[in-house]
Amino acid sequence: FGNRRQAGRKLAQQLLAYRNLFPIVLALPRGGILVGFEVAAALGTSLDIVLVQKIGMPSQPELALGAVVDGDHPEFVFNEWLKDELEIPDAYVRQESDRQQQEIARRRKIYPEGRPSLSISQRPIIVVDDGIATGATMRAALRAIRRQRPSSIALAVPVASPDAVELLRPEVDDLVCLSIPPTFSHVGKYYREFEQVDDKTVAALLRGRST
């Protein structure tokens, strides 16, 4: 893909059947917001975010040990086999979980800028990110979303690993992925431009697609 916004436009073409269902597009910040903005624009619908934070490994923070999702009752999902196999201390898990919850609280104040989250109960939901490597972060997000009782959940991403697709397919009603490379590297490898997305960009894009 050239960049995330181009990927979002390509992804939207595979989601046009949802146009008349009035879905809500939920993006995972930060990178997913660029993809989600294009999807929401093409479908003429609303865009919101899922505040989810990866809980990384002690020596490899980009490798997901688990994830936590914002909510009245935060949702935690862990790769238990990874935790047990590598003997990750419980103290580290608690400390890192607390740190990521603090980051979620910070983002909650910045991104919506006082705008309440959209109600997703009994609405079709399209969950979007820029790519999925392990699936741990997305799985946490999907379970938290399911708890709010949408009418359906579709997962839509430009690229994902085969393992992530297999892991996440049972969590959703529909899964759209444009590319599933058999040998998956990091998400950024599949974009010619993979720039950092700052908080101001996330807030601006949310203002642009809030209805």
message = Keeping Ser97 on the side-chain end and Val93 on the backbone end, is there a donor-acceptor pair under 3.5 Å?
response = yes
key: Shortest non-hydrogen contact from Pro181 toward Pro162   = O-CD, 3.2 Å
query = Do Leu155 and Ile126 pass the side-chain contact (heavy atoms from CB on, under 4.5 Å) test, and can you show the C-alpha distance, the side-chain angles, and the key distance before you say yes or no?
reply = CA-CA 6 Å; Leu155 172 59; Ile126 302 174; over 6 Å; no
message = Minimum heavy-atom separation for Ala133 and Val187, please, with both atom names.
response = N-CG2, 4.4 Å
request  = Sort out for me which residue in Ser185, Pro158, Ser179 forms a side-chain contact (heavy atoms from CB on, under 4.5 Å) with Tyr190.
outcome  = Ser185
Side chain proximity check, Glu171 to Arg143, heavy atoms < 4.5 angstrom = yes
query = With a 4.5 Å heavy-atom cut-off, do Leu167 and Thr134 have their side chains touching?
reply = no
note = Tightest non-hydrogen contact, residues Ala67 and Val52, listed as CB-CG2, 4.2 Å
Over 12 foreign heavy atoms within 6.0 Å of CD, Glu166 = no
message = Once rounded to the nearest 0.5 Å, what's the spacing between atom CZ of Phe194 and atom NE2 of His186?
response = 8.5 Å
query = Roughly how far, to the nearest 0.5 Å, is CD1 of Ile110 from CG of Leu206?
reply = 12.0 Å
query = Side chains of Val69 and Val50: does their closest heavy-atom pair fall under 4.5 Å?
reply = yes
query = Taking C-beta and beyond as the side chain, do Phe1 and Arg192 meet within less than 4.5 Å on heavy atoms?
reply = no
query = Are the side chains of Val68 and Ile104 in touch, meaning some heavy atoms are under 4.5 Å apart?
reply = yes
inquiry  = A side-chain contact here means heavy atoms from C-beta on lying under 4.5 Å apart; do Gln122 and Arg149 qualify?
reply    = yes
message = I'd like to check Leu168 versus Leu142 (side-chain heavy atoms, cut-off strictly below 4.5 Å). Are they in contact?
response = yes
query = In Å, rounded to the nearest 0.5 Å, how long is the span from CZ of Arg139 to CD1 of Ile132?
reply = 12.0 Å
ask   = Is it true that Glu103 and Arg107 have a side-chain N and a carboxylate O under 4.0 angstrom from each other?
value = yes
request  = Might you point out which heavy atoms bring Ile55 and Phe76 nearest each other, and give the distance in Å?
outcome  = CD1-CD2, 4.4 Å
ask   = Between Leu65 and Tyr92, is a side-chain contact (heavy atoms from CB on, under 4.5 Å) present by the stated rule, with each step listed?
value = CA-CA 11 Å; Leu65 174 63; Tyr92 169 81; 4.2 Å; yes
query = How far does CG of Leu51 sit from CD of Gln101, to the nearest 0.5 angstrom?
reply = 12.0 Å
Pairs flagged by salt bridge (charged side-chain N to carboxylate O under 4.0 Å, His left out) wherever residues 117-136 is involved - sequence neighbours left out = Arg4-Asp130
task = Of all the heavy-atom pairs spanning Val172 and Ile153, show the shortest one and how long it is.
result = CB-O, 3.6 Å
message = A side-chain contact here means heavy atoms from C-beta on lying under 4.5 Å apart; do Leu47 and Glu38 qualify?
response = no
query = Hey, what do you get for CD (Gln53) to CD (Glu96), rounding to the nearest 0.5 Å?
reply = 9.5 Å
key: Test side-chain contact (heavy atoms from CB on, under 4.5 Å) applied to Arg94 - qualifying residues, sequence neighbours left out   = Asp90, Ala91
query = Which heavy atom in Ser161 sits nearest to a heavy atom in Ile180, and how many Å separate them?
reply = C-CG2, 4.0 Å
List the atom pairs, donor and acceptor, that lie under 3.5 Å between side-chain atoms in residues 8-36 and the rest of the protein, sequence neighbours left out.
residue, atom, partner, partner atom, Å
Tyr18, OH, Asp174, OD2, 2.7
Arg19, NH2, Ala42, O, 3.4
Arg30, NE, Tyr111, OH, 3.4
Arg30, NE, Asp199, OD1, 3.1
Arg30, NH2, Asp199, OD1, 3.3

